[in-house]
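This is a predicted model, so every value here is computed, not measured. The chains referred to below are lettered A, B, ... by the order of the sequence lines, with proteins before strands, and numbering in each begins at 1. Values below: all heavy atoms of this structure, side chains included; hydrogens, waters and symmetry mates excluded.
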Number of protein chains: 2
Amino acid sequence: MINGSWKKRRISEKLAQRILKVAEEQGYAVNMQASALRKDRSNIVGMIMPKYDNRFFGAIAEQFEALARANNMFPVITCTQRDPDLEVEAARELLSYQVDCLISTGATDPDRITALCAANGVQSLNLDLPGHDAPSVISDNGNAAHALTNLILDRCKAELSWEGPLRFVGGRLSDNNTAARLDGFFRAHNERGIEVPDNHVMAAGYSANSAAGRLADLHPDGPMGIFVNSTISLEGVVRWHSGLGDAAAQVRYGCFDWDPFGSYLPGNVGMVEQDVPAMLEALFGLIGKKPKQADPIRIPCHLRPF
Amino acid sequence: MINGSWKKRRISEKLAQRILKVAEEQGYAVNMQASALRKDRSNIVGMIMPKYDNRFFGAIAEQFEALARANNMFPVITCTQRDPDLEVEAARELLSYQVDCLISTGATDPDRITALCAANGVQSLNLDLPGHDAPSVISDNGNAAHALTNLILDRCKAELSWEGPLRFVGGRLSDNNTAARLDGFFRAHNERGIEVPDNHVMAAGYSANSAAGRLADLHPDGPMGIFVNSTISLEGVVRWHSGLGDAAAQVRYGCFDWDPFGSYLPGNVGMVEQDVPAMLEALFGLIGKKPKQADPIRIPCHLRPF
DNA sequence: CAATCATGCTCCATCGGTTGAGCAAATGTT
DNA sequence: AACATTTGCTCAACCGATGGAGCATGATTG
């Protein structure tokens, strides 16, 4: 009423203005709980998100809020600490608050959340990590990883006169992004006729400590190149790298994901910046639409060589 | 009802269990809109936050959500892009959703938001930047800045045989934190009998570009030391520093706020890590309590020398 | 055995905003 | 003037959870 529905309701301009004026004076604000209850639409778009500890997720959060606001929706983000149980609990909670649409960002089991949403008649979308049962918007991980791998290999050749193979550090083999990136990683090696030994893939999780832990025993006695699978893993790699002493000069790495300080890290040859604005644009294009449920929408990334 | 209030209502254990079982089976969830409307308590704690683009705010967001959940409240964070108008609009929106308590983090005009809350009978709290009209939890900026200034001065003396004065880059003179940090900055200089010329204070905003812009014309012809007033400003400082060529070796800096890659930046002698868990612990101690309205609660910081 | 009390359950008003229905007055039509 | 139509406003049901009032029972007491 207070919004704009009075035009449809044969209320005279004059009365409407008078009401609006009084409302303004009294500092009246619509009780969205009551409004949502009656209209069966809350205008809330919920998002679950693993962490706030890196620029990728931070940018997603900011863009998501900005776009939601621009679309007259109320954004609510909840951070689930990469904990599958917390993801489900948070999704349930958001559904309790009657979200109109729920977006799962980087969820470990997005289809489980889609099922929950379906049971409540709520639209479900996936971001960053794809699901089978709801439309997904993700980065073109394969091609970006291919480009990054080539960049690292090129730099190793140019600066260390060494041809690989690289190592792959960080992430989880079970997750779709890691799989897609590994695919690009292998493809780049294959195209050069380079074999990658199994033990060169060290994907034991995203945390800095697990990356540092896997590298701990590794002290290079010659040139070495590393594909780092997230800025969080990069923290571990850099910690390890900085403890190498002279051997550090023989190491080159690149990272999937961007950080403003990345270009100042010795040995870092480049980073992949995911195109967050484009991803969210695509995502909001799906909100309120019927499923269609094609393949995930893949957004190209920017490779930033240093 | 579905929660636990049936015990008070003389409902038999048996019936209660039967209802709960059916509810479980049907995937029933309480409609929080309806519940909040009736109970006049939403269980929502709102927080407005300037940005998600650095570790400090990211850590606040994560801790806030974790603590809210632990206290059976539903956390809703909204990011306001350091825009005063957006802050007020976001506060209004959160009040529309009937938050039980609203926390202003790093708000440019916290008292305006407190006034809005008061008009709605909602508790208001400030975090990171203090207000006059609501209880505030902030870092002990003055003492931490004093310690950081001393660290930078000591390193300049030891490594560059130079005694200062340092420059102060980033932040806004109008904001309380910048003022408190400047105070510690000056105090450390005064204790050493060092005069700080006016033009050494370059606080033209928090963004990386404004920091880089203010430094652009500055090409050191001797030793130089810089107190950097946030990791975002640090991005600008590092960009400038990396373009200095040989002169870069004559520059030392330290930064208020911590970043995992900070210790690898050449010239960086240390960072201040604010104690986010302690801040939020103190903040949640105030939720639901009567004002008391003493001075801001000041939480000590950790100085991390590199 | 009647009166009192405790137990277990049902009913319904309520929260505040929304919206269809309905009524009265103004305007238009023949 | 008699009737139809439009305009402007008021009323009340409703959304779902909550919790007090109230009504049947069954248990307890003098």
Side-chain angles (χ1 to χ4, degrees), chain A residues 1-46 72-74 76 91-102 116-117 119-123 288, chain B residues 1-46 72-74 76 89 91-102 116-117 119-123:
Chain A
M1 189 75 89
I2 221 68
N3 40 54
S5 70
W6 57 269
K7 264 199 274 186
K8 290 280 174 195
R9 308 212 68 229
R10 299 189 321 208
I11 305 289
S12 69
E13 178 93 17
K14 203 168 52 166
L15 177 62
Q17 291 309 330
R18 198 150 52 86
I19 301 288
L20 287 171
K21 183 159 152 282
V22 175
E24 177 77 15
E25 284 169 7
Q26 305 283 323
Y28 170 88
V30 179
N31 180 331
M32 293 307 271
Q33 312 280 14
S35 177
L37 178 60
R38 180 60 230 256
K39 292 203 294 186
D40 207 30
R41 290 200 82 241
S42 64
N43 271 357
I44 303 176
V45 230
N72 280 319
M73 297 185 270
F74 183 68
V76 173
R92 256 189 238 283
E93 213 167 2
L94 286 166
L95 289 169
S96 250
Y97 282 93
Q98 312 298 113
V99 290
D100 290 338
C101 176
L102 180 50
L116 267 176
C117 288
N120 288 265
V122 169
Q123 187 182 22
Chain B
M1 189 77 87
I2 220 67
N3 39 54
S5 70
W6 56 270
K7 265 199 270 184
K8 292 280 174 194
R9 308 211 68 228
R10 298 191 321 207
I11 306 289
S12 69
E13 178 92 20
K14 203 168 53 166
L15 177 61
Q17 291 309 331
R18 196 150 53 87
I19 302 289
L20 288 171
K21 182 160 153 279
V22 175
E24 177 76 14
E25 284 170 9
Q26 306 281 323
Y28 169 87
V30 180
N31 180 330
M32 294 306 272
Q33 312 280 14
S35 178
L37 178 60
R38 179 60 229 260
K39 293 202 294 188
D40 206 30
R41 290 200 82 241
S42 64
N43 271 357
I44 302 176
V45 231
N72 280 319
M73 297 185 271
F74 184 67
V76 174
E89 204 202 318
R92 256 190 239 283
E93 213 168 3
L94 285 166
L95 289 169
S96 251
Y97 281 93
Q98 312 297 114
V99 289
D100 290 337
C101 175
L102 180 50
L116 267 177
C117 287
N120 288 265
V122 169
Q123 186 183 20

Whole angstrom value for the distance that separates [atom2] of [N] from [atom1] of [X]:
X: A/Met32; N: C/dT18; atom1: CE; atom2: P; result: 8 Å
X: A/Leu37; N: D/dT18; atom1: CG; atom2: C1'; result: 12 Å
X: A/Asn31; N: C/dT18; atom1: CG; atom2: C1'; result: 13 Å
X: A/Gln98; N: C/dG16; atom1: CD; atom2: C1'; result: 16 Å
X: B/Lys39; N: D/dG20; atom1: NZ; atom2: C1'; result: 16 Å
X: B/Asp40; N: C/dA13; atom1: CG; atom2: P; result: 21 Å
X: B/Gln17; N: C/dG8; atom1: CD; atom2: C1'; result: 16 Å
X: A/Arg41; N: C/dG17; atom1: CZ; atom2: P; result: 19 Å

What is the distance from atom CG of A/Leu37 to atom CD of A/Gln98, rounded to the nearest 0.5 Å?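 It is 8.5 Å, given to the nearest 0.5 Å.
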Can you tell me how far CD of B/Glu89 sits from CG of B/Leu94, rounded to the nearest 0.5 angstrom?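 Going from the CG atom of B/Leu94 to the CD atom of B/Glu89 covers 11.0 Å.
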Taking the side chain from [X] and the backbone from [Y], do they hold a donor-acceptor pair closer than 3.5 Å?
X: B/Ser42; Y: B/Ala36; value: no
X: A/Asp100; Y: A/Asn43; value: yes
X: B/Ser96; Y: A/Ala29; value: no
X: A/Gln123; Y: A/Gly288; value: yes
X: B/Gln33; Y: A/Tyr97; value: yes

Filtered N/O pairs between nucleotides 12-14 of chain D and protein, under 3.5 Å:
| from | atom 1 | to | atom 2 | distance (Å) |
| --- | --- | --- | --- | --- |
| D/dC14 | O2 | A/Arg38 | NH1 | 2.9 |

At how many degrees, to 10°, do the end axes of the helix from C/dC1-D/dG30 to C/dT30-D/dA1 meet when each uses five pairs?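 The end-segment axes of the helix from C/dC1-D/dG30 to C/dT30-D/dA1 are tilted 50° relative to each other.
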Phosphate oxygens OP1/OP2 of C/dG17: is one of them under 4.0 Å from a side-chain N or O of A/Tyr28?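 Result: yes.
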Considering only D/dA17, C/dT19, C/dG17, which nucleotide approaches the side chain of B/Val30 most closely?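 Among D/dA17, C/dT19, C/dG17, the one nearest the side chain of B/Val30 is D/dA17.
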Quick check: do A/Val122 and A/Leu95 have side-chain heavy atoms less than 4.5 Å from each other?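 Sidechains of A/Leu95 and A/Val122: in contact.
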What is the minimum heavy-atom distance between A/Ala91 and A/Leu116, and which atoms define it?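 For A/Ala91 versus A/Leu116, the nearest heavy atoms are CB-CD1, 4.2 Å.
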